[in-house]
Amino acid sequence: MGIHMQILIAILLGIKRNWHIFFGLVAGIVVGVLFPSASYPMIHKVLNFIGQGFINIIQMVVIPLVISAIIIGVSNIGDNKQLAKFGKKMIFYYFIVTLVAVTIGAVLALIFKPGLGAQNFINPEVAQQLQGYVAGAIAEQKSNMTGMILNMIPSNLFSSLSNGQMIPIIIFILTFAIALAKVGEINRPVVSFFESIFAATMKVTDWIMFLAAPGIFALTASSVSSFGMQMFSEVWKYFFVICLGLAIQFFVVYPLLMKIFSKVPVGKLYTAITEAIMVAFGTASSSATLPLTITCCEKRGISNKICSFVLPLGATLNMDGTALVQTVAVIFLTQAYGIELTVGLVVQIAILAMIASSTSAGIPGAGLITIALVLNGIGLTPEQLVVGFSFLFAFERLADMLRSTVNVASDAVIAAIIADNENEINYDLLNNPDGYKEIV
Ligand code: ASP
């Protein structure tokens, strides 16, 4: 074997294994740029197949993981007072990060006006008609809130399980887990049953992570190769605003939050969750990343008590990155169609985005589906906005990868802050990356 080859193999074996995912990601970008899907449809199909297979494999452990983690988490916390305290804190931080996210989204979209670039493509008659619909809806203040709330109540757990509807599942499991905690010692067989399930799903996650590098490579390459380059020149500002907003959330808001509410060192926490961040970027799914988010946080110092309670709930309900993107997207559409943006309308969009994002499943593309809720709230339907939507689709996958990364980081940040407040964090471990256990 040539000396170059030997050196290469030595380097590959010597590097920390989480770098493999990073290389997968970079190689994916390069291959995606070199082989655009329009010219190489076959390569795109193969990459897409491998990538989807990887997502399906990690998704298979998500439901048993969420169920067992919440049951263990709640029964570990035990007494009602502590549970209520953790719950309140969690909701408080979710609310704060999401409120800040929609505010950043709205302010940036109003400053940079990304929708103006798309205006030339919109039929003025359609635009005028839509203006009328929006005015009507605001006058009526119509809302489909009641229907939405009814859908969250789990009338049949098994149908929610088979459809992967996480919110009803979580409501059921939380109720069940609190009841279990209340019945006392008699709960031991059931709790130990779920402890075994949790341990086994974590083991399966370990195995799956060996596929992370090729999986992330294929996913990244397939999404970069289908990137809508021709539309880029018209609406690059939309993408720019999203990137800027998400970057502010990640690099400014979370560090500030950690500084104000805890003594968690930002750099150390971000180092601890590097693998989860990369997998979130590659898979564009907070649910699929959840097993890894839990592993990273737990192996690096945050107690199981906090991880198993806060992270599964966060991966389902806390979608501040999605809320930010939805706010920018809807303001983009209103600007593209020349709909008058009053202060009231912007506030309404922001509030609806907060609600819509938290009802989004942690799967790829969910945020673009629940955006319908924001649009309906202001009197529009996605069908009326086809042309505007086609612009959003040009960037959808990349925007999804970015917002999912922020969604996952935010869950970990909130778990770390709560763990700090509750003395549930092992700082010796968190502050010493050399002591980290390898995850992949
Ligand atoms: N893909 C996002 C996530 O899993 C949800 C979304 O589509 O915004 O966090």
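Owing to the predicted nature of the structure, the values given are computational and were not obtained by experimental measurement. Every number for a ligand or one of its atoms is a count from 1 in the order of the listing. Hydrogens, waters and symmetry mates play no part in the numbers below; they use all other heavy atoms, side chains included. In what follows, residues are counted from 1 in the order of the sequence shown.
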Would you mind checking which non-hydrogen protein atom is closest to [atom], with the distance to 0.1 Å?
| atom | result |
| --- | --- |
| atom 4 (O) of ligand 1 | S286 N, 2.8 Å |
| atom 1 (N) of ligand 1 | D400 OD1, 2.7 Å |
| atom 7 (O) of ligand 1 | G367 N, 2.7 Å |
| atom 2 (C) of ligand 1 | S404 OG, 3.2 Å |

Side chains of [Y] and [X]: any donor to acceptor distance under 3.5 Å?
| X | Y | answer |
| --- | --- | --- |
| T98 | D320 | no |
| H44 | S225 | yes |
| N407 | T322 | yes |
| Q326 | T370 | yes |

When you compare ligand 1 with M319, is there at least one nitrogen or oxygen pair between them that comes in under 3.5 angstrom?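 Not met; the criterion fails.
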Next on the checklist: Is it the case that ligand 1 has an N or O less than 3.5 angstrom from some N or O of S287?
Outcome noted: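 Such a contact does not occur with ligand 1.
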One finds that the ligand 1 atoms under 4.0 Å from a non-hydrogen atom of A366 are 7 (O)
For T322, the ligand 1 atoms with a heavy-atom partner under 4.0 Å come out as 5 (C), 6 (C), 8 (O)
Check your understanding: Any idea which part of A361 is under 4.0 Å from ligand 1, heavy-atom wise: side chain, backbone, both or neither?
Key ->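 The backbone, only.
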Hey, is V325 touching ligand 1 through its side chain, its backbone, both or neither, going by heavy atoms under 4.0 Å?
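No part of V325 comes within reach of ligand 1.
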- prompt: Using 30° and 60° as the class limits, which term best fits the ring planes of F172 and F176: parallel, tilted or perpendicular?
  reply: parallel
Can you tell me if A284 has a non-hydrogen atom under 4.0 Å from ligand 1?
yes
Within a reach of under 6.0 Å around CZ of F95, are more than 12 heavy atoms found that belong to other residues, nucleotides or ligands?
no
Quiz item: Does the side chain of I242 come within less than 4.5 Å of F332's, by heavy atoms?
Solution: no
